[in-house]
**Student:** 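Sharing a structure with you now.
In listed order, ligands and their atoms are each counted from 1.
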Amino acid sequence: MMETIRELPRLRTLIAGWRREELRVAFVPTMGNLHAGHFSLLRLAREHADRVVASVFVNPTQFGPGEDFERYPRTPEADAAGLEAAGCDALWLPSVDTMYPFGPQATVQVSVPGVTSVLEGAHRPGHFDGVATVVARLFNQVQPDIAVFGRKDYQQLAVIRYLVRDLAFPIQLLAGATLREADGLAMSSRNQYLSAAERPVAAEIHRVLLQMRQETLAGGGRDAVEQAARARLTAAGFAVDYAVLRRPDLSEPADAGPGPRVALVAARLGRTRLIDNLAFGKGPSASG
Ligand code: PAF
């Protein structure tokens with residue numbers, strides 16, 4: 001039976017009890033509106049731990065002005081039912097006051113340097129500060145042994161890795177695979193913003209990522225591959241924020257040369273902003 005917890009003292013008591021029993025605790029942070037992608041992260045957590053905690057918190061500090069904080073889909077009943085069915089032991093549901101006792105404007109900020117200044121960081125100023133700030137708090141609240149994040153948010157995973165290492169959180173990170181719809185569209189809560197006409201077009205992002213991989217592996221230069229990707233997305237009706245090839249650590253590779261790569265796309269279709277990525281090539285991957 002899953003327990004839903006809204007107060008920090010209760011969460012601490014529950015987890016302290018598990019620790020006394022020497023149970024391993026895994027944690028899956030979410031913003032709710034859960035779909036099959038989230039539930040696959042739950043399953044991964046379950047495989048590596050004795051107890052699983054999931055949080056649902058739509059974090060105001062990671063949304064910029066004019067972004068979709070107000071309209072972000074909130075489906076608390078369905079989330080709780082799905083989590084229970086996926087074998088979650090505890091659902092952590094903090095209020096904004098619990099998360100930010102001095103208010104979201106007066107929070108101690110956690111700001112990760114470097115990797116946060118490019119790509120998503122450049123297009124959504126302050127976004128990763130909000131993510132790092134809330135994730136550091138969630139880690140302090142839950143104090144898990146393991147935390148699970150999806151690979152779909154490739155750069156977020158890099159930010160969390162830096163955070164865990166730099167602040168010495170005793171937490172093992174696990175990365176879950178991106179789940180896709182039948183036509184390749186990466187599962188995301190934001191997909192439901194798409195109109196019926198936009199929905200099939202959205203899958204073009206995945207096809208473009210596959211094309212970027214194919215062209216790169218066939219020896220195509222980075223500039224040409226990126227330009228072709230942007231052109232294809234624009235022709236399909238997207239406003240492209242970026243369509244780039246990077247090394248696994250998100251640094252810019254030289255134009256040619258072997259080695260592991262990740263193709264990353266962020267593009268807007270109507271009012272919906274979508275991101276996706278595809279890692280490929282031989283060698284160590286930074287996404288773990
Ligand atoms: O990936 C998300 O859903 C959010 O960015 C996270 C990690 C739960 C922090 O609010």
**Student:** Which atoms of ligand 1 have any heavy atom of Gln62 under 4.0 Å away?
**Tutor:** 4 (C), 5 (O), 9 (C), 10 (O)
**Student:** For Arg137, run the side chain to side chain contact (heavy atoms under 4.5 Å, CB included) check against Val108, Val110, Thr98 and tell me which one passes.
**Tutor:** Val108
**Student:** Parallel, tilted or perpendicular, judged at 30° and 60°: which one describes the rings of Tyr72 and Phe63?
**Tutor:** perpendicular
**Student:** Output the list of atoms in ligand 1 that are nearer than 4.0 Å to some heavy atom of Val134, sorted by atom number.
**Tutor:** 9 (C), 10 (O)
**Student:** Among protein heavy atoms, which lies nearest atom 3 (O) of ligand 1, and at what distance?
**Tutor:** Met31 CG, 3.6 Å
**Student:** Could you tell me whether some N/O pair between Thr30 and ligand 1 is separated by less than 3.5 angstrom?
**Tutor:** no
**Student:** Does Glu22 have more than 12 heavy atoms from other residues, nucleotides or ligands lying within 6.0 Å of its CD?
**Tutor:** no
**Student:** Does a side-chain heavy-atom distance below 4.5 Å link Val159 with Val135?
**Tutor:** no
**Student:** Does Gln143 reach the side chain of Phe27, with side-chain heavy atoms less than 4.5 Å apart?
**Tutor:** no
**Student:** Among all protein heavy atoms, pick the one closest to atom 2 (C) of ligand 1 and tell me residue, atom and distance.
**Tutor:** Gln156 NE2, 3.9 Å
